[in-house]
Amino acid sequence: METAKAEQNAMSKLFGQYMREGKDITELKAKVDANKEAMIPLQEKAREAEEALYRVALAMPNFPDDTVPEGADEEDNVELRKVLEPRSFDFEPKEHWALAEGNGWIDFERGVKLAKSRFSVLRGEAARLERALINFFLDTNASKGFEELCVPFMNNATMLQGTGQLPKFEDDLFKIEGEDLYLIPTAEVPLTNMYNDEILAEKELPVLMTGYTPCFRKEAGSAGRDTRGMIRQHQFDKVEMVAIAHPDRSDEVFEMMVQNASDILTALGLPHRVVELCGGDLGFSAAQTIDLEVWLPGQNQYREISSISNTRDFQARRAKIRFKDGKKNKLVHTLNGSSLAVGRTIVAIMENYQNEDGSIEIPEVLKKYM
RNA sequence: CGGGAGAUGUCAGAGUGGUCGAAUGUGCCGGUCUUGAAAACCGGUGAGGGUAAUACCUCCGGGGGUUCGAAUCCCCCUCUCCCGGCCA
């Protein structure tokens with residue numbers, strides 16, 4: 001294909017010479033025309049093959065790392081450690097929606113009225129707690145070297161493809177009518193794609209970014225799950241960490257991110273466990289994922305509050321994020337993780353810090369933020 | 001949203017059908033000079049893919065078209081700037 005193209009180029013070049021020298025060009029023209037004719041089916045075939053390959057490639061999930069435990073679903077995830085002992089209650093701990101009602105913290109009905117089901121309104125102290133948590137998370141991340149960014153909450157299709165949400169998961173996204181824009185399902189999308197189609201200098205790595213954004217998810221396919229309360233909403237706030245790392249050093253960045261998220265929970269006094277996802281439970285883009293699950297005494301179970309993933313070069317390939325390794329351009333590794341999901345943190349605070357009369361204490365570290 | 005202008009290498013800015021991957025300036029790298037630096041002078045220097053390295057392919061905002069041949073001509077889109085409207 002390229003050879004034929006090269007010949008074509010060479011012949012066209014000759015044309016100019018012949019013209020200048022006043023030579024006869026009819027013969028040459030015939031030859032060029034023939035070559036061009038012959039190339040058309042070739043080109044067509046090459047283009048089709050390329051398109052087909054591309055389509056298939058975009059629908060392929062990432063390969064799990066060799067170290068990822070085998071397994072089909074969350075039942076096979078591996079608990080790595082527990083942090084903080086759950087407190088013992090001398091009364092029956094309530095679930096967060098009951099506490100929310102008693103304290104007037106969450107207005108579920110009006111959230112539904114304003115939008116639809118799975119939307120809610122935080123009121124008064126809960127709204128201030130939301131804001132305090134965002135600030136606490138951002139400040140903590142900044143102290144670990146993450147640059148704080150404030151990004152668009154809508155991104156175009158190219159960016160969603162870069163991080164792996166498109167084309168396969170379009171049904172999970174809210175699309176803006178008449179625009180090439182989607183409401184972001186996570187800040188991972190804008191933060192990672194900050195460097196879409198860019199080539200970084202090696203010394204710029206790792207790029208550590210954090211940002212607060214609301215996240216919008218249709219939650220298609222989770223009908224009937226977590227319909228009660230604030231665990232699974234169409235819109236929720238999250239502070240995200242994203243790292244663009246040198247491929248040789250993404251593992252240490254990953255560890256650092258997991259530790260940071262865990263430290264935040266510890267600082268809030270929230271018991272949690274660190275869980276490594278098995279192959280079957282990994283998301284589309286992830287090569288390795290560690291979830292942090294916070295203890296909810298009202299529900300008497302651990303629930304996911306943070307998910308930290310190393311996508312290796314999976315997103316980098318899609319988003320064309322490279323770095324200069326000497327003279328060569330190589331793919332970076334991209335990592336992302338929540339630190340933390342704000343709504344679920346409020347849920348955890350309500351359930352863990354509840355008193356027998358239904359009132360709720362505010363964790364010590366948050367007091368200066370409120 | 002309406003009217004006008006524009007999009008070219010790090011940046012600025014020429015280039016209107018072949019000798020253009022692209023003048024010139026600037027920046028950057030190397031050298032001469034200097035105790036050192038600056039200035040001056042000389043030389044080198046666009047990007048992406050590909051390769052062991054060459055070849056080779058692609059790229060003048062994006063997509064399509066005309067042509068043997070397009071940065072240059074035609075169509076569509078996007079973005080930027082200026083004027084007006086609207087607005088946090």
Side-chain angles (χ1 to χ4, degrees), chain A residues 1-58 60 114 127 131 134 149-163 166-167 175-184 189-190 192-205 207 211-214 216 235 237 244 246-247 312-334:
Chain A
M1 179 68 225
E2 282 196 356
T3 320
K5 189 80 204 197
E7 273 177 47
Q8 189 77 3
N9 286 347
M11 283 194 276
S12 287
K13 216 156 210 156
L14 271 181
F15 234 91
Q17 272 179 37
Y18 279 34
M19 297 276 280
R20 256 171 282 129
E21 293 163 12
K23 287 188 190 164
D24 182 27
I25 54 169
T26 36
E27 197 185 327
L28 183 60
K29 178 159 165 46
K31 230 167 109 185
V32 176
D33 281 344
N35 191 297
K36 194 183 180 191
E37 204 63 36
M39 264 171 58
I40 289 174
L42 268 176
Q43 268 172 326
E44 193 63 23
K45 231 168 139 179
R47 201 179 49 81
E48 275 172 24
E50 206 166 294
E51 254 173 39
L53 181 68
Y54 202 58
R55 232 190 344 267
V56 172
L58 279 177
M60 285 235 299
L114 291 171
R131 184 155 54 87
I134 292 166
L149 281 77
C150 194
V151 293
F153 300 160
M154 300 178 208
N155 281 191
N156 62 48
T158 306
M159 302 304 126
L160 271 305
Q161 183 175 298
T163 32
L166 288 180
K175 187 174 191 331
I176 306 297
E177 195 181 337
E179 300 275 351
D180 177 29
L181 288 172
Y182 297 80
L183 292 173
I184 55 170
V189 178
T192 307
N193 282 294
M194 279 288 294
Y195 295 97
N196 188 298
D197 200 19
E198 293 195 25
I199 298 168
L200 292 146
E202 188 172 355
K203 64 173 194 290
E204 290 179 85
L205 302 177
V207 179
Y212 148 73
T213 71
F216 303 92
Q235 174 186 329
D237 286 339
I244 312 278
H246 191 288
R312 305 280 171 200
D313 61 8
F314 182 82
Q315 292 178 328
R317 180 171 289 109
R318 294 173 151 245
K320 300 196 273 290
I321 309 175
R322 293 144 294 168
F323 75 100
K324 275 236 176 293
D325 184 22
K327 225 172 128 52
K328 288 287 188 188
N329 295 326
K330 290 191 180 160
L331 294 170
V332 297
H333 282 189
T334 67

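Here the structure is a predicted model, which means the values were calculated and not measured. First the proteins, then the strands, lettered A, B, ... as listed; each starts at 1.
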What integer distance in Å separates A:Ile199:CD1 from B:G9:P? 15 Å
Nearest-angstrom distance, C1' atom, B:U19 to B:G36: 48 Å
Looking at residues at least two apart in the chain, or sitting in another chain, which of them share a ring pair (Phe, Tyr, Trp, His ring centres under 6.0 Å) with A:Phe323? A:His246
When we call it a touch if two heavy atoms are under 4.0 Å apart, what does A:Lys320 touch: a base, just sugar-phosphate, or nothing? nothing
Atom CZ of A:Arg317 and atom C1' of B:G48 are separated, to the nearest Å, by 17 Å
Take the protein atom NZ of A:Lys328 and the nucleotide atom C1' of B:A53, then report the distance between them rounded to whole Å. 9 Å
Restricting to salt bridge (Lys or Arg N to Asp or Glu O under 4.0 Å), what partner residues turn up for A:Arg318, sequence neighbours left out? none
Under 3.5 Å between N/O atoms: give me all the protein pairs with nucleotides 56-63 of chain B, atom names plus distance.
residue, atom, partner, partner atom, Å
B:C57, OP1, A:Asn9, ND2, 3.2
B:C57, O4', A:Glu2, OE1, 3.4

What is the separation between atom CD on A:Glu179 and atom P on B:C77, rounded to the nearest whole Å? 15 Å
To the nearest Å, give me how far apart CG (A:Leu200) and C1' (B:G48) are. 16 Å
Under the side-chain hydrogen bond (donor to acceptor under 3.5 Å, both in side chains) rule, collect the residues that match up with A:Asn156, sequence neighbours excluded. none
Considering residues at least two apart in sequence or located in another chain, which fulfil the salt bridge (Lys or Arg N to Asp or Glu O under 4.0 Å) criterion with A:Asp325? A:Lys330
According to a 3.5 Å limit on both distances, what stems of 3 or more consecutive Watson-Crick or G-U pairs are formed with RNA chain B? B:1-7 with B:78-84, B:27-32 with B:40-45, B:46-49 with B:56-59, B:61-65 with B:73-77
Taking only the C1' atom of each, what is the distance from B:G2 to B:U8 in whole angstrom? 30 Å
Minimum heavy-atom distance between A:Leu160 and A:Asn155, given as atom pair plus value: CD2-O, 3.7 Å
Could you tell me the separation between the CD atom of A:Gln235 and the CG atom of A:Asp237, rounded to the nearest 0.5 Å? 7.0 Å
Could you tell me whether the phosphate oxygens of B:G48, OP1 or OP2, come under 4.0 Å of any side-chain nitrogen or oxygen in A:Lys324? yes
Mind checking the C1' distance from B:U67 to B:A14? Whole angstroms is fine. 26 Å
Which whole number of Å gives the distance between the C1' atom of B:G49 and that of B:A40? 41 Å
CD1/A:Ile176 to CG/A:Leu183 distance, rounded to the nearest 0.5 angstrom? 4.0 Å
Please name all residues satisfying salt bridge (Lys or Arg N to Asp or Glu O under 4.0 Å) with A:Lys175, sequence neighbours left out, ordered by chain then number. none
Using atom P of each nucleotide, how far apart are B:A22 and B:G9 to the nearest Å? 14 Å
Pairwise P distance for B:A70 and B:G17, with rounding to whole Å: 14 Å
Only counting residues at least two apart or in another chain, list the ones meeting ring pair (Phe, Tyr, Trp, His ring centres under 6.0 Å) with A:Phe314. A:Phe284
Set of residues satisfying side-chain hydrogen bond (donor to acceptor under 3.5 Å, both in side chains) with respect to A:Lys324, sequence neighbours excluded: A:Asn329
Are A:Arg322 and B:G49 close enough that a side-chain N or O sits under 4.0 Å from OP1 or OP2? yes
Between B:U72 and B:G21, how far is it from one P atom to the other, in whole Å? 13 Å
B:G27 versus B:G84 - spacing of their C1' atoms, nearest Å: 39 Å
